[in-house]
Amino acid sequence: MLIVPERDIADLMTRAAAFDAVEKVFAAMAAQEAYNFPVVREAIGHEDALYGFKGGFDRAGLTLGLKAGGYWPNNLEKRGLINHQSTVFLFDPDTGKPAAMVGGNLLTALRTAAASSVSIKHLARADARVIGMIGAGHQATFQLRAALEQRKFDKVIGWNFHPAMLPNIEKVATEAGVPFEPVALEGMQEADVIISITSAFAPSLMADHVSPGTHIACMGTDTKGKQEVEAALLARATVFTDEVAQSVSIGEAQHAVAQGLIAETDVQQLGAVINGTHPGRTSLNEITLFDGTGVGLQDLAVAAAVVDLAVEKGIAIEVDF
Ligand code: NAD
């Protein structure tokens, strides 16, 4: 069995490798060559922690396994550790023997950023120039850094519920040499691409804050009850997702479906666009919306990629098991 510890991930994993892994696995999911197992998520009654498992099997990539982990809200204050903790376990699909144990914390941020980037590549207008960020927390920095590689953006605009956090994303824009401007939510009308990545339970972005032709990646809503954008916006948009079952139950589409504004059948898999079985954006004025809920197969795909890189560089730790 190979071990790739968390401390080695930053030096090994690249945004490009994460992008390729996620794009491939979305395509495999749409081709029904890969599927996610039902998610387990439990409040364990200790340290206020939420713990669970996300797993799946990708027959195309021969990746089998799970990500185990969750959220420990007291970690930072009590122990100086980050609150999100996860580890990926990969198994040999031919034998069931454990194949690898991989630190999953940084990988989670990279695979989530890769998902919105894949959606931008396949759904945003080719001439997109202004990117709008809603959210300025931990994930937002990864999201922006990856998205800036997908189009020739010449301006970043940003809004955050807590304005004091905006310098987090301004720093990323500045490092990429792109000017940053804080805006009111109405100012998002200037954006060609919008990424929302917040932990909100009520919508910030309303349908009339979005101009025709915009691509929106909603990345924060991954739990029942969370919501980042007005449900009416989904009714105006062509809606895509990583996995339809998650989108309509724990993703951004849960609200529009519950209100009868769209049906489950209106939500398409992004993988179908990658595979060429769905046309994706069909006009310059169309609003496209990607509901990125986060699936276990994304974690397995990036973990398998990082194991390959660790083996290539001779730094994977091998143990008899
Ligand atoms: P964070 O705590 O670092 O940042 C939270 C962000 O949400 C900040 O920008 C904050 O200002 C904003 N926010 C908080 N309350 C708000 C409110 N009431 N209205 C509007 N905005 C509000 O968190 P993070 O690590 O950046 O994660 C952000 C979200 O992304 C979380 O909901 C997390 O569960 C989700 N997430 C999704 C995936 C996925 O695959 N889709 C993966 C990882 C994380």
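Every number for a ligand or one of its atoms is a count from 1 in the order of the listing. Values below: every heavy atom of this structure, side chains too, minus hydrogens, waters and symmetry copies. Fair warning: this is a prediction, and the values are worked out from it, not measured in the lab.
Across the listed options N160, D291, N83, T198, T198 owns the non-hydrogen atom lying nearest to atom 29 (C) of ligand 1. Closest heavy-atom approach to atom 14 (C) of ligand 1 within the set S199, G137, G135: this belongs to S199. Among Q139, E228, E252, R111, the residue whose heavy atom lies nearest to atom 24 (P) of ligand 1 is Q139. The option with the heavy atom closest to atom 37 (C) of ligand 1, from among Q246, Q298, M219, H138, is M219.
Residue contacts with ligand 1 for T293 involve N, CA, C or O but no side-chain atom from C-beta outward (heavy atoms, distance under 4.0 Å). At a heavy-atom cutoff of 4.0 Å, ligand 1 is contacted by the side chain of M165 but not by its backbone.
With hydrogens and angles ignored, the 3.5 Å screen pairs no side-chain donor or acceptor of Q269 with any backbone N or O of F26.
Per-atom contact check: atom 34 (O) of ligand 1 touches the protein, criterion being a heavy-atom distance below 4.0 Å. Within 4.0 Å of atom 11 (O) of ligand 1, at least one protein heavy atom is present.
Between W159 and ligand 1, a contact under 3.5 Å exists for no N or O pair. Taking any N or O of G292, backbone or side chain, at least one lies under 3.5 Å from an N or O belonging to ligand 1. Looking at ligand 1, you'll find an N or O of G220 within less than 3.5 Å of one of its N or O atoms.
Aromatic pair F240/H122: centroids not less than 6.0 angstrom apart.
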